[in-house]
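Notes follow the structure.
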Amino acid sequence: MLFTNSLPQPDHYSKLITFYMSLMLLVSCYTFFLFTGHILLLIITLVASLLALLNKKTVRISNRSIIYSFTIAMVAAFFTRELSELSSIPFFLPVDFLFPLYIYSGICCLFLRQRFLTVCALTACVWMSNLAMGSALNEPENFSNPFFEQNLPLRHFLFIFTVTSQVILLILLMYRHMHESSIDAKKKVNNKKWLIRWTSLTLVLGLTIFSSYRWPEVFPYLEKLIAPYTGKYSKRNNSRSFFPEQVSLNHTVDLKQEKEMKKPALYIKSKIAPGYLRGRTYDTYKDGLWKNSEAFTRKPVEYLDESLSIGQVNLSEKKSSAEQLHVFIARNLVTDVLYTNGNVNRIDLIAESISTNGNGVYKAQVWDKSAGYSFSNVAGDPFKQEAASPRGEPSKTYLEVPQNIQDSIQKFTTEINVSSDLPTERKMQFITAWLRENIDYSLEPQKFEYGVDPVIQFLTKTKRGHCELFASANIMIFRQMGIPARYVSGFVTFQNSGNKDDYIAHMGDAHAWVEAWVDGKGWVLFEPTPASAIPTGQYEKWFLEVWKEKVSLIFASVLSDLKRGYFAEAIWKVLGAIGQGLSNLFTGTNAWVSWPILILVIWTLYKRKNVQQTSKGKNSKFDQELNKVQRLLFKYIRKKNLFIEEKDSLNDLSNKVMHDLQDPKLALMIDEYSRVIYGPEKDYKRLIKLKVKIRQLA
């Protein structure tokens with residue numbers, strides 16, 4: 001065959017591809033310049049493209065060249081942002097870093113040998129740069145040019161024009177490739193494989209970029225498309241529902257099983273540990289059963305930005321803090337309740353409306369749970385554990401004590417000898433501390449006597465129990481003393497997942513506590529459960545379990561961003577997760593395993609390379625000259641407009657020269673070239689003489 005592994009293909013189309021791909025990069029940079037007014041990136045891209053076109057010798061594609069290219073792109077993107085005021089662009093995501101990174105990666109590809117894989121890499125760089133730019137198209141404040149700031153249709157038109165022009169450039173490149181590779185029009189049908197490749201690449205580029213800035217509309221359709229297939233393998237049938245509408249102290253959930261306790265329930269992204277996340281509250285108690293008497297009212301979700309799917313509900317007129325907590329529901333937990341801190345001020349989510357009651361319980365209607373939700377607390381102390389609802393004086397409901405236990409509660413209160421001289425808040429702290437220090441904590445299922453209230457049996461007979469009994473007893477004592485109090489259930493979240501700002505609440509972190517009214521402060525959290533029994537999330541886990549939780553949190557966060565319309569942020573999180581994973585792999589507790597494996601792999605590759613170089617050894621100089629002779633010979637043949645097929649052998653080529661061109665000198669050169677290649681020995685001097693003859697002939 002004419003083109004075999006021993007004969008490298010000539011670098012004929014390299015400059016042609018470089019030219020077209022340079023234009024594609026420049027179109028993206030020019031659009032970015034129009035939107036932002038920053039010309040530095042456009043100038044750098046223009047200069048680098050000219051250098052790539054003037055470059056006579058392309059860089060061979062290898063692992064080393066790819067690593068060098070990516071490193072250069074990273075460093076260049078960083079310095080571009082630092083030196084050019086790009087960081088002042090008010091994009092809601094680091095587009096000011098991502099866009100230059102993709103452009104510089106494409107520039108590095110221009111200097112590589114232009115083959116189909118290189119074109120794919122260049123096209124991907126253009127595609128990603130347009131995605132980064134297109135994701136911010138619907139935000140007027142993202143554009144410093146006033147001409148585009150208030151003109152959304154014009155921005156969309158310019159973006160579509162940019163993408164269309166790049167698709168046209170790809171089509172032209174495809175056509176030129178087909179034309180150059182086959183001069184004979186009758187033979188063009190032999191290039192179907194290349195036609196399919198280029199057409200597929202063009203369609204994927206066009207369709208993907210077109211959908212980038214309308215992702216909130218596209219993503220739901222994709223989700224519906226794959227839902228029938230993923231639903232078959234969903235594990236939601238094994239999910240558990242915690243915190244029902246009523247809490248029975250006679251039939252409590254047994255969390256002693258370690259496997260059940262270790263299952264994730266909530267993933268939270270927060271600057272500090274979220275602490276107590278309240279879910280449901282209850283204010284009415286009778287015969288071991290807690291109920292809620294507060295009616296729910298609906299508040300519609302306000303969608304302020306048509307380009308994004310995320311909406312918000314403002315729960316008070318007070319200013320929200322700058323910090324937000326992002327919560328994602330794990331598949332192990334079935335709930336319609338939103339878990340928040342006590343003084344939540346605003347909730348962002350994808351839903352139709354939120355129902356809330358006077359106890360500060362929030363339920364979402366027509367809620368996309370896979371998108372998660374975010375909430376902000378009252379400004380000043382964003383993670384304060386004081387509850388905000390109800391904001392007025394509490395009603396008599398919070399003082400009700402069942403008549404059948406009033407005498408027993410009063411007797412118990414007298415026995416613990418609370419000093420009447422203490423202020424009310426100090427009395428509350430004393431009672432709470434007494435329960436923690438004098439009653440034992442136990443997760444064992446309770447055995448209650450018939451006709452005896454569970455709270456009374458807990459305080460006077462068993463004197464041991466779980467958090468639900470501690471909270472219920474504390475509330476009844478407070479109410480007997482004339483202090484309004486209520487029962488709260490939720491999760492206690494202090495465990496970091498191992499990554500910064502990532503926290504996990506497990507099923508075993510479910511908890512119950514007390515909120516009581518303090519004059520001048522409002523509803524304040526009280527914790528009667530012993531400190532040793534408060535969930536901390538510190539469970540012993542296998543290495544794979546820890547990584548599974550980390551990956552689940554990243555997946556939930558990225559999926560949430562995609563559904564909310566923050567496409568560029570999702571990309572950034574994926575890149576950050578990869579970097580963080582590599583960092584943890586080589587600097588964390590598993591470094592003692594990772595580094596030896598890495599060293600072993602590098603040593604193996606190094607030895608393999610040395611063996612290959614040794615096997616080539618003396619012939620490396622001969623091969624370089626052979627490539628030069630090959631390029632000169634086939635360059636001259638193409639000037640003669642002689643059609644060459646891939647299946648042609650050198651003998652076939654020689655016959656074509658004699659028959660079509662009637663050029664005996666060229667036929668002799670081809671025969672000499674064949675003898676040099678397939679001769680028993682590699683004659684370097686003979687090869688040099690052949691090169692001189694071909695140059696004289698040309």
Side-chain angles (χ1 to χ4, degrees), residues 92-93 135 138 211-243 264-270 274 277 279-280 296 298-315 324-340 344 346-356 361-376 490-491 502 504-505 551-571 573-574:
F92 60 85
L93 267 171
S135 62
N138 298 303
S211 65
S212 64
Y213 70 100
R214 304 307 299 175
W215 187 257
E217 287 86 1
V218 175
F219 191 83
Y221 293 106
L222 294 178
E223 188 180 31
K224 289 180 181 179
L225 186 65
I226 64 174
Y229 304 99
T230 58
K232 297 179 181 179
Y233 308 101
S234 174
K235 297 181 180 179
R236 289 192 177 274
N237 292 333
N238 299 326
S239 304
R240 299 206 46 189
S241 178
F242 271 21
F243 315 125
L266 301 173
Y267 301 109
I268 307 104
K269 296 189 74 68
S270 172
L277 294 177
R280 295 185 184 273
F296 282 85
R298 283 199 175 192
K299 292 188 176 184
V301 176
E302 300 178 13
Y303 289 87
L304 304 179
D305 193 331
E306 295 181 357
S307 65
L308 300 178
S309 301
I310 191 74
Q312 67 181 37
V313 175
N314 293 308
L315 302 172
Q324 270 196 327
L325 290 87
H326 307 281
V327 184
F328 314 103
I329 310 296
R331 65 175 54 192
N332 303 302
L333 180 66
V334 177
T335 180
D336 61 344
V337 174
L338 306 178
Y339 296 91
T340 65
V344 63
R346 194 187 84 187
I347 299 177
D348 297 348
L349 75 171
I350 301 176
E352 181 184 275
S353 61
I354 285 180
S355 295
T356 180
V361 179
Y362 307 104
K363 296 181 179 180
Q365 282 75 40
V366 195
W367 173 31
D368 189 349
K369 293 183 182 180
S370 60
Y373 62 94
S374 306
F375 66 88
S376 303
F491 289 95
D502 292 346
I504 295 180
V551 172
S552 298
L553 177 55
I554 294 170
F555 177 79
S557 180
V558 170
L559 180 61
S560 174
D561 288 331
L562 291 176
K563 291 200 169 187
R564 296 180 182 198
Y566 302 141
F567 187 65
E569 186 168 355
I571 297 174
K573 284 182 179 177
V574 171

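Numbering of residues begins at 1 and proceeds along the displayed sequence.
Taking every heavy atom of both residues into account, Phe296 and Val361 meet most closely at CE2-O, 3.8 Å. Of all the heavy atoms in Ser374 and His326, the pair that sits closest is OG-ND1, 2.6 Å. The two residues Ala371 and Ile350 come nearest to each other via the heavy atoms CB-CD1, 3.6 Å. Here the closest heavy-atom approach between residue Leu349 and residue Ala364 is recorded as CD1-CB, 3.8 Å. Leu333 and Tyr339 make their closest contact through CD2-CE1, 4.1 Å (heavy atoms, listed as atom of the first residue, atom of the second, distance). Residues Val337 and Gly279 share a closest heavy-atom pair of CG1-O, 3.4 Å.
Rounded to the nearest 0.5 angstrom, Leu315 CG and Phe375 CZ are separated by 11.0 Å. The distance from atom CD of Gln365 to atom OG of Ser353, rounded to the nearest 0.5 Å, is 4.0 Å. Remark: Leu325 CG to Tyr373 OH distance equals 9.5 Å, nearest 0.5 Å.
With Tyr267 contributing its side chain and Asp502 its backbone, the two residues share no donor-acceptor pair below 3.5 Å. Between the side chain of Lys369 and the backbone N or O of Thr335 there is at least one donor-acceptor pair closer than 3.5 Å.
In this structure the side chain of Lys269 never reaches within 4.5 angstrom of the side chain of Gln324, judged on heavy atoms. Using a 4.5 Å heavy-atom cutoff, the side chains of Thr340 and Leu277 are not in contact. Here the side chains of Leu338 and Trp367 are in contact, with some heavy-atom distance below 4.5 Å.
Using a 4.0 Å cut-off between charged nitrogen and carboxylate oxygen, Glu352 and Arg298 count as a salt-bridge pair.
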